[in-house]
Amino acid sequence: MLVSGAEILNKAHKEGYAVGAFNINNMEMLQAIFEAANSASSPIIVEASEGAIKYAGADMLYAMTKILSEKYPHIPVALHLDHGTTVESCIQAIRAGFTSVMIDASHDSFEENMAKTKRVVEIAHSVGVGVEAELGRLMGIEDNIEVSERDAVLVNVDEAEKFVKATGVDYLAPAIGTSHGAFKFKGEPKLDFQRLQDVKRVTDVPLVLHGASSIPQNVREEFENTGGDLKGSKGVPFEFLTEAIKGGINKVNTDTDLRIAFMSQVRKVANEKQSEFDLRKFFNPAKALVTSEIVKRMEVLGSAGKI
Ligand code: G3H
Ligand code: 13P
Ligand code: ZN
C-alpha cells in the first residue's frame with residue numbers, strides 16, 4: 001500500500017530499525033525492489049532523483065509504483081523525491097503523487113535551508129506527505145582531518161536541534177562522513193558515530209543515511225570479472241550500517257550498489273553472448289541480482305520481517 005514516508009519511518013524510529021530507500025530510474029529496478037520486499041516481508045521506500053524524473057517522468061514513476069503497490073497490497077511503500085533542489089521541484093513531485101519529498105538546501109546558508117524546508121513542510125503536511133531535509137555536506141572524512149575542518153563539513157548538533165524544532169521536518173539527513181557514489185573513502189572507512197548519536201538525542205526524529213552503498217565484494221567481482229573497472233572503490237561496510245542504525249539511522253539510501261549489480265549482469269550477457277540482442281535476456285539476470293542484493297540489505301537493516 002502506498003503510504004506516507006513518515007508513517008514508515010516513524011515506526012522504524014520507534015522500533016529501532018532502518019528501511020532501505022532504493023533509487024529507481026526504470027521499471028526493472030522497481031520490480032526488483034518490490035520482489036525483494038515481498039520475499040523479505042519488508043517495508044520499502046522507492047526514491048527518484050530529479051535526474052530520474054527527467055529520464056522517466058514523475059507521472060510514469062508514480063504510475064508504475066502505484067500499480068505495483070496494488071499488486072502487493074501488504075507491502076507498505078512510500079514514493080520519495082530524492083534531493084529535491086527547489087521548493088517547486090517538491091511541489092511537482094507532490095502533485096504527481098509522491099508521498100515523501102526531500103528538500104535538499106544543504107548547500108544554502110543554514111537560515112535559507114530552514115526557510116525552504118519550513119515552506120515545503122507547510123505544503124507537504126497539508127496533504128499528508130512526509131518531508132526530509134539535510135544538514136552538513138556529504139563528504140568522506142579522513143583520519144587526520146583537523147577538528148575545525150570536520151566541523152565545517154559534518155552536521156552541527158546544535159543546529160540540528162534548532163532546525164528540527166523550527167521547521168517541523170519529519171526526518172533529517174545529518175552528514176556524518178558518507179558520500180555518494182562508489183569512491184567514498186580514500187583510506188579506511190570512517191564515520192562520526194558519536195555525532196550521529198548526539199543528533200539523535202537532541203532531535204528524536206528518524207534519521208537518514210545518504211551515500212550508504214556498500215559495494216559488496218561479490219557485486220564488485222561480478223562487475224570486474226566482465227572487464228568493468230571499479231579500482232579504488234570503497235563503500236560503507238555492513239558493520240557500519242549496523243552501528244549507524246544503533247545510533248539512530250532509520251532510512252538507508254542505496255543507489256550505487258544497485259546500479260553496479262544491474263550493470264554487472266548486463267555486461268556479463270553482452271560479453272558471453274555476442275549475438276544476443278533480446279533485451280529481456282540482459283535484464284532478467286540483472287533484476288535477479290538486484291533483488292537478491294536488496295534482500296541481503298533488508299536483513300542487515302532490520303526491516304526484513306517487519307510486515
Ligand atoms: O543521490 C544521488 C542518487 O544516487 C541519484 O543519482 O542524480 O544520478 O539520479 P542521480
Ligand atoms: P549511494 O551512492 O551510496 O548509493 O547513495 C545513494 C543516495 O544517497 C541517494 O540519495
Ligand atoms: Zn543522497
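We count ligands from 1, going down the list as the structure has it; atoms in each ligand are counted the same way. If you read the sequence from its start, that first residue is 1, and numbering goes on from there. Computed from a prediction, not measured in an experiment: that's the story for all the values here.
Between T254 and ligand 2, no pair of N/O atoms sits closer than 3.5 Å. Backbone and side-chain nitrogen or oxygen atoms of K184 are examined, and one is located within less than 3.5 angstrom of a nitrogen or oxygen of ligand 2. Distances between N or O atoms of S179 and those of ligand 2 include no value under 3.5 Å.
For H210, the N, O or S atom closest to the Zn ion (ligand 3) goes by the atom name ND1. The atom of H83 that is an N, O or S and sits closest to the Zn ion (ligand 3) is NE2. H180 has its closest N, O or S atom to the Zn ion (ligand 3) at the position named NE2.
Taking a cut-off of under 4.0 Å to the non-hydrogen atoms of D82, the atoms of ligand 1 that pass are 1 (O), 3 (C). Atoms of ligand 1 found under 4.0 Å from any heavy atom of H83, numbered from 1 in the order shown, are 1 (O).
At the shortest separation from atom 2 (O) of ligand 2 among protein heavy atoms lies T256 OG1, 2.6 Å. Of all protein heavy atoms, the one lying nearest to atom 5 (C) of ligand 1 is D255 OD2, 3.4 Å. Shortest contact from atom 9 (O) of ligand 1 to any protein heavy atom: S49 OG, 2.6 Å.
Using a non-hydrogen distance threshold of 4.0 Å, R259 registers as a contact of ligand 1. Using a non-hydrogen distance threshold of 4.0 Å, R259 does not register as a contact of ligand 2.
The NZ atom of K251 lies 11.0 Å from the CG atom of L172; values are rounded to the nearest 0.5 Å. To the nearest 0.5 angstrom, F262 atom CZ is 14.0 Å from E222 atom CD.
By the criterion of a heavy-atom distance under 4.0 Å, neither the backbone nor the side chain of A182 is placed next to ligand 2.
Ring geometry for F34 versus Y72: interplanar angle under 30°, hence parallel rather than tilted (30 to 60°).
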